[in-house]
Student: 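The structure's right below; bear with me while I get my questions together.
Remember, it's 1-based here, ligands and their atoms both numbered in the order they're listed. Since this is a predicted model, take the numbers as computed values, not measurements.
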Amino acid sequence: MKFFIDTADVKEIAAATELGLVDGVTTNPSLVAKSGRDFHDVLKEIISLVDGPISAEVVATDAAAMIKEAEVLAKLDPEKIVIKLPLTEEGLKATKALSQKGFKTNLTLIFSPLQALLAAKAGATYVSPFVGRLDDVGHEGMECVEQIRTIFDNYGYGTEIIVASVRSPQHVLQAGMIGADICTIPYSVMLQLAKHPLTDIGLEKFLADWQKHVAK
Ligand code: E4P
């Protein structure tokens with residue numbers, strides 16, 4: 001399973017890259033706003049740090065304006081930049097047009113398997129089901145991912161599934177068990193993945209035994 005990092009904070013991206021955990025990056029308008037920086041400046045810096053797909057989201061709501069924004073964003077790096085679009089009717093129209101022109105697209109704000117199917121039919125490169133936000137409203141977010149996996153496999157869609165709105169290591173584990181292609185993970189959750197109390201206890205014991213041995 002590929003790991004994307006879900007942030008617009010370049011310090012987090014650099015730190016996770018050092019750990020060898022970054023296959024790509026996803027950003028969204030809220031994450032860019034949180035960074036407090038100019039969108040294009042942040043993207044340029046991420047492009048210089050990461051050798052993989054980088055999702056940059058449009059903020060227009062009609063297809064023609066989405067396409068115009070996409071053309072500007074993609075110019076920053078036509079290979080790496082993936083245009084992130086909301087799963088709306090206008091978003092689907094723009095996705096169809098952009099995929100025909102060879103742009104990579106990531107359909108975001110997906111909350112049902114049928115929305116994901118529509119995205120795949122429009123030619124999306126990626127779909128992003130938001131598991132954490134589904135859990136928040138009492139649904140089982142990972143069930144949506146499971147259903148998308150089944151539908152894409154049934155019909156051989158090449159659209160890749162990015163499990164998004166990840167809140168815990170449990171989400172990452174379930175994504176792997178289901179066979180999602182990618183999990184986009186906040187840096188804080190990435191760090192939690194490496195932690196196990198028995199690793200810490202075991203290391204402490206190894207080092208204590210070693211100290212006793214060398215002191216003899
Ligand atoms: C990623 O593509 C999404 O924008 C992100 O995972 C949303 O996460 P949130 O629900 O924690 O805001």
Student: Main chain of Asp9, side chain of Lys34: is a donor-acceptor contact present, judged purely on distance under 3.5 Å?
Tutor: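 Absent.
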Student: Between Asp181 and Arg149, is the closest basic N to carboxylate O distance under 4.0 Å?
Tutor: yes
Student: Taking the basic N atoms (NZ, or NE/NH1/NH2) and the acidic carboxylate oxygens, is any pair closer than 4.0 Å for Arg133 and Asp136?
Tutor: no
Student: Looking at Thr26, is its backbone amide N or carbonyl O close enough to the side chain of Lys84 to form a donor-acceptor pair, meaning the two atoms are under 3.5 Å apart?
Tutor: no
Student: In the protein, what heavy atom is nearest to atom 8 (O) of ligand 1, and what distance, to one decimal place, separates them?
Tutor: Ser165 CA, 3.4 Å
Student: Give the numbers and elements of all ligand 1 atoms closer than 4.0 Å to a heavy atom of Lys84.
Tutor: 1 (C), 2 (O), 3 (C), 4 (O)
Student: Considering non-hydrogen atoms of the protein only, which is the closest contact for atom 4 (O) of ligand 1, and what is the distance?
Tutor: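 The closest one turns out to be Asn28 ND2, 2.7 Å.
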Student: Could you tell me whether the side chain of Thr105 and the main chain of Thr125 form a donor-acceptor pair under 3.5 Å?
Tutor: yes
Student: To the nearest 0.1 Å, how far is atom 12 (O) of ligand 1 from its closest protein heavy atom, and which atom is that?
Tutor: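 In this structure, atom 12 (O) of ligand 1 has Arg133 NH2, 2.8 Å as its nearest protein heavy atom.
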Student: Need the ligand 1 atom indices (1-based, order shown) with element for anything under 4.0 Å from a heavy-atom of Phe130.
Tutor: 3 (C), 4 (O), 7 (C)
Student: Would you check the N or O atoms of Arg167, main chain and side chain alike, for any that come under 3.5 Å of an N or O of ligand 1?
Tutor: yes
Student: What residue and heavy atom of the protein are closest to atom 6 (O) of ligand 1, and at what distance?
Tutor: Asp6 OD2, 2.6 Å
Student: Any N or O of Thr108 that comes nearer than 3.5 Å to an N or O of ligand 1?
Tutor: no
Student: Should Lys68 and Glu71 count as an ion pair when the cut-off is N to O under 4.0 Å?
Tutor: no
